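This report refers to the structure that appears directly beneath it.
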2 protein chains.
Amino acid sequence: MESSVTLAEVARQAGVSSSTVSRILNGTTNVSHAKREAVERAITALNYKPNVLARNLARGRTMNIGVLTQDISSPFYGDMLRGIEQGLAGSGYLPIFADGHWHAEEENAAIDVLLSHKTDAMIVLGGAIPDQRLIEVAAQVPLIVFGRDIHQLPGQCLKIDNEQGAYLLTRHLIEFGHQRIAHIAGPSAHRDARDRLSGYKTALEEAGLPFIPELVLEGDFLETSGFVAATRLFEGREMFSAIFAANDQMAYGARLALYRKGVRVPDDISLVGFDDLPSSTYTTPPLTTVRQPTYELGITLAQSMLRMLSGERANLPDIKPQLVIRESTVMLRYSASTHRR
Amino acid sequence: MESSVTLAEVARQAGVSSSTVSRILNGTTNVSHAKREAVERAITALNYKPNVLARNLARGRTMNIGVLTQDISSPFYGDMLRGIEQGLAGSGYLPIFADGHWHAEEENAAIDVLLSHKTDAMIVLGGAIPDQRLIEVAAQVPLIVFGRDIHQLPGQCLKIDNEQGAYLLTRHLIEFGHQRIAHIAGPSAHRDARDRLSGYKTALEEAGLPFIPELVLEGDFLETSGFVAATRLFEGREMFSAIFAANDQMAYGARLALYRKGVRVPDDISLVGFDDLPSSTYTTPPLTTVRQPTYELGITLAQSMLRMLSGERANLPDIKPQLVIRESTVMLRYSASTHRR
DNA sequence: TTGTATGCGTTATCAG
DNA sequence: CTGATAACGCATACAA
């Protein structure tokens with residue numbers, strides 16, 4: 001546990017003032033060749049490493065960017081964090097992650113922690129805290145928000161059009177001849193979930209198909225709830241030939257329920273998800289879904305933040321949901337008696 | 001961007017010295033009731049938030065714990081990070097994550113960053129840097145390592161017995177009557193991969209089964225490589241009735257390859273992975289594998305670190321690999337002609 | 001170009 | 001119990 005070398009010691013060793021050392025370190029001013037050499041020699045000789053804390057305190061900024069996520073371990077956010085990290089790489093800024101667990105109080109606490117650590121900026125991914133809180137945060141540091149649309153923060157929010165995505169998915173199923181499409185919705189308290197439900201309804205309506213409440217069950221965006229919902233769907237009395245799960249994770253759960261029931265996908269039932277998680281390429285069969293390019297989104301968020309930090313506007317681009325048709329959906333044969341009941 | 005309130009301002013507002021405010025904040029010494037009240041009033045009135053940077057600099061410690069991971073977005077590490085975060089919750093310590101991407105240089109850089117931020121301790125997950133470097137790190141801060149076994153750091157390393165896990169998996173297949181078991185190995189540069197291969201060999205040997213080099217292909221622990229390997233396995237001339245992929249992710253890839261070939265799992269081919277990622281419960285069929293309880297391991301790592309930080313020994317427990325038998329493996333019927341060729 | 005003096009916001013030492 | 005005063009390690013006006 002060797003105590004670390006200070007700048008002052010380097011200065012002494014090199015026979016110059018500490019200001020000079022500081023200047024060399026930061027490239028603030030020109031320094032004579034001789035002294036620069038001496039200092040550099042001293043630095044390597046003493047193996048000097050600047051103390052970031054002291055530097056930050058003196059400078060008044062930390063080069064840290066707080067990132068509030070809702071679940072580090074989820075494939076969705078995980079990928080996004082990787083994107084953010086990548087987008088920040090080489091910029092000198094370091095992302096500091098905190099997890100809010102989709103819980104308003106924890107999110108607030110996490111934001112406080114981040115702020116008390118004097119992060120120069122903040123990126124918020126999803127979450128359940130009121131918009132107002134974020135508006136306050138935005139008054140203190142540059143802020144970019146993903147997954148929410150806050151009117152008071154124009155150009156600082158990035159959000160996919162969930163309704164449109166759900167619409168595309170549902171229409172895709174309808175075009176494949178499906179008329180009775182079940183929907184495993186996300187938690188109704190969740191904005192994205194409501195929007196996706198809404199897109200589902202719109203597509204049905206547009207096609208002149210009836211909305212059947214019994215075919216809509218609510219999950220919590222996790223696999224287990226998809227499993228439960230799909231199972232219950234089979235216990236219900238309404239028939240269906242396709243299931244639209246409000247996210248990929250619930251689709252995975254539903255997939256297992258179907259497997260357990262001996263129902264084939266897509267032969268008997270077509271299945272679609274939402275998000276296009278990396279693993280959706282590898283499910284059996286690969287899942288038709290709507291793509292949220294999480295990694296790229298992370299990069300975009302990071303870059304926009306860097307832009308904001310350099311004084312420009314964040315200028316977040318719009319994201320169009322993109323249908324990814326794979327093998328879990330198939331044209332409904334009209335002879336099909338397989339779509340149960 | 002309101003400038004933040006300082007402790008000194010609180011002191012002035014409350015009519016006391018800044019030392020007193022500091023004492024109240026830290027509970028260092030007793031303070032008269034009257035002054036305490038005044039200070040607390042001032043704090044809420046001014047909405048004072050302590051500057052963590054200044055505090056850390058003065059105290060000489062940050063209450064931050066550096067965590068070096070190799071891929072934030074991987075389900076394996078992601079879950080572990082969540083465990084670490086959970087295990088640290090309420091302790092006052094904050095984890096700071098950095099990603100080494102399984103790349104020695106990046107790992108070194110990340111460690112330097114973490115150290116320059118004066119993290120009070122360090123948790124290293126996997127990685128490709130030489131042991132020596134970690135030993136040096138351990139000389140500077142309390143260190144705990146996961147996924148490696150460094151003799152010079154006794155009791156500070158946590159590692160599952162990979163060889164034993166692979167052995168269990170292979171023996172399970174053998175007990176199910178499989179005699180020709182293919183293995184999709186991890187990168188041979190990777191210690192875990194070598195150990196798993198070794199466990200596979202041991203089980204074969206013990207059962208008197210021949211080791212067939214053509215049935216062992218090397219992947220890179222990612223899904224795609226599992227897909228490629230499984231596909232190539234079918235192009236080879238050696239037959240097999242089971243595949244042991246060195247981790248779940250490659251098993252997923254292999255699963256897809258089998259699906260594409262129209263080969264059923266487990267009816268035609270049994271498949272096993274390694275790690276028991278959360279999603280392995282939801283693959284079709286659910287995957288037989290060996291469990292690495294990532295989340296719990298994360299918690300363990302965090303708790304051990306807290307123990308170390310409080311002066312005790314880390315005292316890391318041993319982890320026994322645990323076989324999780326699900327539906328991707330089945331007893332081989334001797335009439336089976338299905339195991340191809 | 002270089003050095004001196006001062007400040008960044010807290011904590012810690014030391015009198016009182 | 002409380003208040004000056006000196007660190008903490010570095011950056012930066014201000015002089016020279």
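Chain letters run A, B, ... following the sequence lines, proteins first and then strands; every chain starts at 1. For clarity, every value in this text was computed on a predicted model and none was experimentally measured. Just the heavy atoms: all of them, side chains too, but no hydrogens, waters or symmetry mates, feed the values below.
One can place CZ of B/Arg12 at 14 Å from P of D/dG3, the figure rounded to the nearest angstrom. Atom pair A/Met63:CE and D/dC10:C1' shows a separation of 16 Å (rounding to whole Å applied). As rounded to whole Å, 15 Å separates atom P of C/dG9 from atom CG of A/Leu115. Here C/dG9 presents its P atom at 13 Å from CG of A/Asn56, a figure rounded to the nearest Å. In this structure, A/Leu25 atom CG and D/dC10 atom C1' are separated by 9 Å, rounded to whole Å. The CD1 atom of B/Ile24 sits 12 Å away from the P atom of D/dC1 (whole-angstrom rounding). As rounded to whole Å, 4 Å separates atom C1' of C/dC8 from atom CG of A/Leu57. For the pair B/Arg55 CZ and D/dC8 P, the interatomic distance rounds to 19 Å; values are reported in whole Å.
Looking at the side chain of A/Thr28, the nearest of the listed nucleotides C/dG3, D/dT12, C/dC14 is D/dT12. Checking C/dT2, D/dG9, D/dC8 against the side-chain heavy atoms of B/Ala58 singles out D/dC8 as nearest. For A/Pro50, the listed nucleotide lying nearest its side chain is D/dC10; candidates were D/dG3, D/dC10, D/dC14. Taking only side-chain atoms of B/Ala54, from C-beta outward, the nucleotide of C/dT10, C/dT2, D/dT2 with the closest atom is C/dT10. Counting only heavy atoms from C-beta on, B/Ser32 has its side chain closest to D/dT2 among D/dG9, D/dT2, C/dT2.
Counting non-hydrogen atoms under 4.0 angstrom, A/Val21 reaches nothing in the nucleic acid. At a threshold of 4.0 angstrom between heavy atoms, the contacts of B/Asn26 are confined to the sugar-phosphate backbone, with no base atom among them.
Using a 4.0 Å cut-off between charged nitrogen and carboxylate oxygen, A/Asp99 and B/Arg82 do not count as a salt-bridge pair.
Applying the 3.5 Å distance criterion, the base of D/dA4 shares a donor-acceptor pair with the side chain of B/Ser19. If you check distances only, the side chain of A/Arg59 never reaches the base of D/dG9 with a donor-acceptor pair under 3.5 Å.
For the OP1/OP2 pair of D/dG3 and a distance below 4.0 Å, the side-chain nitrogens and oxygens of B/Thr20 include at least one atom meeting the criterion. Listed pair A/Asn51 / D/dC10 fails the phosphate criterion, with no side-chain N or O lying under 4.0 Å from OP1 or OP2. Note on B/Thr6: every side-chain N or O is 4.0 Å or more away from OP1 and OP2 of C/dG9. In this structure, A/Lys35 reaches the C/dG3 phosphate: one of its side-chain N or O atoms is under 4.0 Å from OP1 or OP2.
Atom CD of A/Gln152 has more than 12 neighbouring heavy atoms from other residues, nucleotides or ligands inside a 6.0 Å radius.
Counting heavy atoms from C-beta outward, A/Ile43 and A/Ile24 have side chains that stay 4.5 Å or more apart. Contact check for B/Gln70 versus B/Glu107: side-chain heavy atoms found under the 4.5 Å cut-off. Side-chain contact check for B/His117 versus A/Leu94: some heavy-atom pair is nearer than 4.5 Å.
Ring geometry, A/His190 versus A/Phe221: the interplanar angle exceeds 60°, so the pair is classed perpendicular (tilted spans 30 to 60°).
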